[in-house]
Each structure stands twice: as structure tokens, then as C-alpha cells.
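The basis for the numbers below is simple: all heavy atoms, side chains too, and nothing from hydrogens, waters or symmetry mates. All chains are named by letter (A, B, ...) in the order of the sequence lines, taking the proteins before the strands, and each is independently numbered beginning at 1.
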Amino acid sequence: MSEYFAPGHGACPGCGLTIAVRNTLEALEGKVFVSNSTGCLEIISSMYNRSAWGVPYIHSLFENAGAVAAGIEAALKALGRKDEGHVVVFAGDGATADIGIGTLSGMFDRNHDVLYICLDNEAYQNTGNQQSGLTPPGANTTTTPAGKIMPGKLGRKKDMVSIAVAHGIPYVASASVAFPMDIRRKVKRAVEFEGAKYIQIHCPCVTGWGIQGKDAVPLARLAVETALYPIVEFENGELVKVRKIKDRKPVEEYLKPQRRFRHLFRHPEGKKILEMIQKIADENAKRYNLDI
Amino acid sequence: MVKVKIGLGGVTEPLVSKNMKTGDWGTEYPVVDEEKCTACKNCEIYCPDGCIKVVEKEGKKVAVPDYDYCKGCWVCFTVCPADAIKMEVKELYKVEVC
């Protein structure tokens with residue numbers, strides 16, 4: 001395995017982000033221009049004189065990774081340097097669903113030839129677990145603390161995959177670090193399309209979720225097996241592939257090992273939230289026809 | 001005194017994170033049972049730090065962890081299908097209670 005992302009970066013032991021990043025770069029054989037928004041990935045990999053990147057890399061601001069990538073792509077096109085590599089964006093879930101959704105939508109709208117990868121660890125983990133648009137309901141974060149007044153986050157997880165599909169871009173998919181070969185296949189498939197592509201990768205966060213490194217990959221797998229994180233693939237707006245689930249598990253199995261959900265099992269309103277999360281899982285299974 | 005050359009717009013050399021040896025972070029480290037290892041590359045694909053690699057050793061392909069960078073996160077242990085990886089506590093953290 002040649003090196004596009006070096007060891008020695010500052011990620012927590014068991015971090016899911018770097019599994020996704022390493023496999024993406026490996027799938028594209030390092031022929032990439034990376035644009036990165038502010039977030040965990042930027043903090044751990046681009047400290048001054050401690051850069052982990054072996055590929056061209058640019059970090060600008062929190063909100064404009066999509067716009068920066070669009071600029072790189074337009075410049076490469078204008079200079080006639082089209083075959084030098086793919087423009088790839090790595091952005092966190094906050095940068096994708098909350099702060100950067102404006103420039104992301106603009107990039108989709110102009111249909112730049114960019115692969116946008118959202119590394120979804122379900123909160124602003126870089127600043128210490130604040131809720132984002134992609135935080136699941138019931139999660140205890142520092143901005144939605146579980147206690148007498150509220151039982152964790154009240155809203156739903158924003159459906160970014162559907163938002164991306166609604167833009168009419170050629171390729172949209174979701175993936176999970178529990179299945180790295182699936183990430184590689186999807187990345188390779190995505191760059192075959194001309195235009196904007198979006199892949200959302202579920203990445204466990206050891207500190208924010210309150211888990212140990214040894215739980216990271218099994219929990220990511222459980223999120224898929226409980227249908228809370230459906231693995232889907234859209235080509236030209238049509239659903240072409242889903243990861244089917246054999247014997248769908250109850251959501252409690254996924255929620256129980258995590259510190260951010262432990263209050264649900266003793267909070268007076270916890271039962272209601274658990275039922276709501278199970279309902280979301282059932283809806284996902286029905287919508288994408290996940291059960292065998 | 002440490003001299004740091006500052007480039008235009010904070011540009012750094014590629015792959016210089018290798019200067020940061022993260023091997024002393026963890027309390028445990030993986031030990032590969034070379035008899036059981038089937039060189040399936042699962043650990044290599046999953047390792048968040050890219051510090052376990054399948055290499056040829058005495059005519060047999062086995063996974064070899066790089067202890068300079070391994071943070072002891074247990075990911076390779078959980079994904080090994082052949083149970084070839086064992087986690088052992090470092091000598092430094094073996095405390096005897098007397």
C-alpha cells in the first residue's frame with residue numbers, strides 16, 4: 001500500500017474518519033486534489049509542519065469547501081489539465097449539512113465535476129460534541145444536554161442523501177466505514193460520472209459517542225444492521241442498489257453501548273424517544289426496501 | 001533553538017506527520033500470531049493509522065504492525081477474521097499491586 005495519507009496524524013485511537021479517507025485515496029490511487037473544510041480531519045492532519053497528506057491539499061474555511069473545489073475544477077478545465085486528477089472534497093457533517101450547505105448547493109447546481117465526500121460522525125466533534133443537522137434524535141450533546149428539560153436532541157437527522165438527490169446530480173451514495181471495500185467501489189464508480197457526486201460515509205467517533213476503539217467498527221456495522229443508516233446508491237436520480245439486511249436488529253442494540261444515548265434507558269421520556277428512533281428505522285427499511 | 005521555515009500561505013512538506021511518533025499513545029499493542037495470519041489484508045484496510053501492513057517474511061505473507069505509530073486502538077483486533085491478533089499491555093503499564 002503506497003502512502004497518500006501518512007501515519008503520525010493526531011486522530012484519536014479508533015477514529016473512523018481516517019479509515020474513510022485512506023480508503024478513498026487508495027481507490028483513486030492518489031490522483032486527487034483535496035479540498036477540506038474545517039473540522040476534525042483538518043485539525044488532525046494539517047497541523048503546521050505535521051501534514052499527513054501526500055496528495056495536493058487545500059484548507060480554506062468552514063463553509064466554502066464546495067466553492068473552493070468548484071474553483072479548482074474550473075481552473076483545471078481552463079488550463080487544459082483535465083486528466084491530472086479528480087477534485088475531491090472531504091467535509092464533516094456540520095460543514096455539509098449546516099454551515100456549508102449554501103456553497104455545496106451552488107456546486108451541485110453548477111454541476112462541477114467534483115466528488116463531495118461527507119464524513120458523517122453525527123456532531124461537531126472537533127470542538128467537543130455540539131449538535132449538528134446530522135445528529136440523530138435523542139443524542140446527548142453539549143448543546144442538547146439530556147436532563148430534566150430535554151431528553152437529548154429533539155429534531156430528526158437531516159436527510160442529506162435525499163437533498164443531494166433532489167439537486168439532480170448524477171451520483172449519490174451513502175457508505176459506512178464498517179465496509180471499506182464498499183467505499184472503494186463507490187468512489188471508483190462515482191468518478192466515472194461527469195458532474196457533481198455526493199457520498200456520505202458514516203464514521204464512528206470514539207470521544208463524542210462515548211465508545212472505545214474496539215467498538216468503533218462493530219457499532220458502525222450495527223448502525224447499518226438496524227436500518228438507522230441505510231446504505232444506498234443513486235445513479236441519475238434512480239435508486240440502483242441498497243445493502244439488504246438479514247434479520248434486522250432492534251435499535252437498542254446499537255444505542256446501548258454508546259454514552260451519548262445511555263440516558264434514554266432511564267430518562268422518563270426515554271421510552272418515547274426509543275420508540276421514535278425505532279420508527280425511523282422501520283421507515284428507512286420500508287422506504288428503501290432493506291429487509292430480505 | 002529550532003528553526004522553522006515558513007512557506008507562502010502556510011504550505012508544508014508532504015507526509016511530514018511521520019515525524020510525530022504516535023506509538024507511545026496507547027496502553028496496549030497488537031501482537032500478530034504468524035501461524036494463524038492468513039494475510040487477508042483486513043487489518044491493513046481498516047487500520048485508521050495505516051500502520052499495519054502485510055509483508056513477505058521468510059517466504060510467508062504476514063501482517064506486521066509498525067509500533068512507531070500504532071495507537072493501540074483495537075480496530076485490527078476486532079476486524080481480524082482469523083483471530084490472529086492479540087492485544088497485550090505494554091511493559092510500562094503492567095502494574096503490580098502489593
Side-chain angles (χ1 to χ4, degrees), chain A residues 1-23 25-27 30 34 41-42 44-60 177-184 203-206 211-221, chain B residues 2-30 39-55 61 63-81 85-87 90:
Chain A
M1 200 182 259
S2 41
E3 274 186 343
Y4 311 119
F5 193 78
H9 54 72
C12 309
C15 181
L17 296 180
T18 47
I19 305 177
V21 170
R22 283 185 51 250
N23 281 292
L25 296 178
E26 204 61 44
V34 175
L41 183 64
E42 176 247 333
I44 62 167
S45 68
S46 70
M47 283 171 276
Y48 189 71
N49 243 357
R50 290 283 185 272
S51 170
W53 296 88
V55 295
Y57 169 87
I58 183 167
H59 161 249
S60 174
V177 294
F179 309 105
M181 294 320 274
D182 184 53
I183 296 177
R184 290 188 189 201
C203 307
C205 171
V206 279
I211 55 172
Q212 285 181 308
K214 60 180 151 194
D215 298 331
V217 174
L219 268 178
R221 195 171 289 135
Chain B
V2 185
K3 275 189 183 173
V4 181
K5 209 175 125 194
I6 296 179
L8 191 70
V11 181
T12 63
E13 306 268 314
L15 306 174
V16 279
S17 68
K18 280 187 186 169
N19 299 335
M20 199 154 72
K21 300 267 199 284
T22 51
D24 54 356
W25 284 24
T27 48
E28 286 117 350
Y29 65 102
C40 66
K41 290 202 175 186
N42 247 17
C43 47
E44 190 177 316
I45 291 163
Y46 276 96
C47 178
D49 293 86
C51 62
I52 183 161
K53 285 193 173 72
V54 174
V55 291
K61 279 192 173 171
V64 178
D66 186 345
Y67 297 122
D68 277 354
Y69 300 105
C70 175
K71 292 172 184 164
C73 68
W74 291 66
V75 166
C76 53
F77 170 83
T78 54
V79 299
C80 183
I85 294 175
K86 261 203 319 235
M87 298 301 288
K90 286 178 184 169

Determine whether A:T18 and B:D49 satisfy the following criterion, side chain to side chain contact (heavy atoms under 4.5 Å, CB included), listing intermediate values before the conclusion.
CA-CA 7 Å; A:T18 47; B:D49 293 86; 5.7 Å; no
At a 4.5 Å cut-off on heavy atoms, which part of A:A20 comes close to chain B: side chain, backbone, both, or neither?
neither
Please identify each residue that fulfils salt bridge (charged side-chain N to carboxylate O under 4.0 Å, His left out) with B:K18, with sequence neighbours left out.
A:E3
Nearest heavy-atom pair of A:S51 and B:E13: which atoms, and what distance?
CB-O, 3.8 Å
For chain A, which of B:V54, B:D68, B:V79, B:V16 has the most heavy-atom pairs under 4.5 Å?
B:V16
Do other residues, nucleotides or ligands put more than 12 heavy atoms under 6.0 Å from B:K86 NZ?
no
Taking B:Y46 for the side chain and A:V177 for the main chain, is one N or O donor matched with an acceptor at less than 3.5 Å?
no
A:G14 to B:C73 - nearest heavy-atom pair and separation
N-CB, 3.0 Å
To the nearest 0.5 Å, how far apart are CD in A:E26 and CD in B:E44?
8.0 Å
Provide the closest heavy-atom pair for B:L15 versus A:A52 in the form atom of the first, atom of the second, distance.
CD2-O, 3.6 Å
Correct closest heavy-atom pair for B:K71 and A:A11 would be NZ-O, 2.6 Å
Can you name the closest pair of heavy atoms from B:I45 and A:R184 and give their distance?
CG1-NH2, 4.0 Å
Which residues pass the side chain to side chain contact (heavy atoms under 4.5 Å, CB included) test with A:R50, not counting sequence neighbours?
A:M47, B:N19, B:M20
Out of A:P7, A:P218, A:A178, A:G10, which one racks up the most heavy-atom pairs below 4.5 Å with chain B?
A:P7
For the student: nearest non-hydrogen atoms of A:G213 and B:V75, plus distance
O-CG2, 3.9 Å
Measure distances from B:S17 to the heavy atoms of chain A and classify the residue's part below 4.5 Å as side chain, backbone, both or neither.
both
